[in-house]
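Any value given below was found using the heavy atoms of this structure, including those in side chains, with hydrogens, waters and symmetry copies removed. A note on names: the letters A, B, ... follow the listed sequences, proteins ahead of strands, and every chain is numbered from 1. None of the values given here were measured: they were computed from a predicted structure.
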Amino acid sequence: MNSKNRSFALTDALYLSIAIVPVLFGIVLKVLTGPGNRGISITGARIFFTVDFPVQPLVITETQINSWLVIITILGLCLYLTHGLNAAHPTKRQHLAEWIVEKTRAMTSANMGEGFESFPPFIAAIISLSAFSSLLSLFGLYAPTSDINVTAGWALGTFILITYYKNKCGPFHYLKSFGDPVPLLAPLNVISEFATPVSMAFRHYGNVLSGSVISVLVAAGLDGLWKIILGWLPGPVSDFALIRIGIPAILSIYFDLFSGCLQAYIFAMLTMLYISSGFPREDYQKRKENKRTQLIRREQ
Amino acid sequence: MIEIAVAIILGCCALGAGVAMIAGIGPGIGEGNAVAKACEAIGRQPECKGDVTTTMLMGCAIAETTGLYALVIAILLIFVAPNLFVDILFSRIR
């Protein structure tokens with residue numbers, strides 16, 4: 001029993017370390033390879049190295065590295081939460097895991113209706129990836145969601161799913177849906193079809209990026225203010241702006257915590273709504289019934 | 001001469017970014033309206049506060065989109081466009 005307990009605790013520690021070590025690794029990497037100057041500047045993701053590829057060189061940036069860190073962190077958290085599940089004596093972490101699963105299922109069934117029972121894992125993956133990516137900026141790391149490539153990739157995945165579910169009644173039905181009210185409006189329908197992923201990508205990216213830009217501008221402004229007021233003092237007092245401690249953190253509560261989680265929720269919500277509203281439910285059921293009756297006739 | 005050309009490029013990019021952000025007025029008014037109506041709805045029916053709040057946040061996020069388009073264009077104009085245009089200018093001169 002004792003050795004069993006010890007191995008259980010060791011596995012727990014391993015899973016927790018899988019969750020925590022990537023973040024520490026990211027911080028160490030940033031400290032070691034980051035630019036040395038203390039100046040405040042707004043830049044995109046830093047490029048680590050490029051790999052030669054046939055069509056276009058593959059650029060490995062901070063975005064890819066941090067995305068993988070987030071993925072490994074989520075993997076560790078999932079392993080930790082589901083370790084030692086017990087139906088008779090549920091632990092605290094099992095309650096948390098069950099709560100997450102139940103909430104995702106309830107949200108999906110409330111927003112998508114029937115026929116989408118397989119979607120909760122996908123939605124939970126989107127929410128957790130997006131939220132943890134945005135929250136990574138709390139550790140001073142580059143948030144992957146403030147790179148448009150990441151959000152555009154997610155939006156492209158959503159677009160493929162939307163198109164797949166619109167094609168459920170066959171490609172002819174899909175093409176006919178473009179001339180829905182009047183065939184004259186078909187070009188506008190095509191534009192709105194492509195505007196969906198673009199707006200989703202821009203919304204998430206713009207929100208996260210604007211938050212980080214405003215935070216940097218406020219920090220730079222406080223720095224300048226300190227220099228103007230107390231710049232005449234000798235020594236280290238004028239060099240280091242003490243008002244930069246604390247005040248940007250208040251902004252960070254909104255821009256990093258609230259906005260990051262809200263954007264994750266909104267991205268997942270819009271994914272669910274677009275997919276379920278693009279699915280022609282009644283026509284699909286009609287088509288299914290027609291096929292069934294045809295089959296019965298043939299058998300007779 | 002080149003200095004004047006570069007200065008005009010930089011100034012016009014900054015001006016363009018500023019003008020693009022006028023679009024921020026629209027989402028401001030729209031979101032204000034949405035929140036005002038949500039407050040009224042909660043005042044009338046306090047028991048459906050949760051539903052109203054989530055719907056309002058969704059609506060606000062969608063109303064924000066046009067403003068974010070303007071923001072993306074402004075960010076492109078400030079951080080990307082000047083380098084691009086100055087490069088084009090220098091390549092033309094050579």
Side chains of residues 185-194 of chain A: which donor-acceptor partners sit under 3.5 Å, not counting sequence neighbours?
from	atom 1	to	atom 2	distance (Å)
A:Asn189	ND2	A:Phe178	O	2.3
A:Ser192	OG	A:Asn189	O	2.9
A:Glu193	OE1	A:Lys166	NZ	3.0
A:Glu193	OE2	A:Lys166	NZ	3.3

Answer yes or no: are there more than 12 heavy-atom neighbours, outside [X] itself, under 6.0 Å from its atom [atom1]?
{"X": "A:Phe48", "atom1": "CZ", "answer": "yes"}
{"X": "A:Glu114", "atom1": "CD", "answer": "no"}
{"X": "B:Phe85", "atom1": "CZ", "answer": "no"}
{"X": "A:Arg281", "atom1": "CZ", "answer": "yes"}

Residues of residues 11-45 of chain B under 4.5 Å from chain A (heavy atom pairs)? none
How about residues 47-70 of chain B versus chain A: which residues have heavy atoms under 4.5 Å apart? B:Thr54, B:Leu57, B:Met58, B:Ala61, B:Ile62, B:Glu64, B:Thr65, B:Leu68, B:Tyr69
Can you say whether A:Ile148 sits under 4.5 Å from chain B via the side chain, the backbone, both, or neither, judging by heavy atoms? neither
Positions in residues 269-276 of chain A that reach chain B, provided some heavy atom is under 4.5 Å away: A:Met269, A:Leu270, A:Leu273
Would you name the heavy atoms of A:Gly206 and B:Leu71 that are closest together and state the gap between them? O-CD2, 3.6 Å
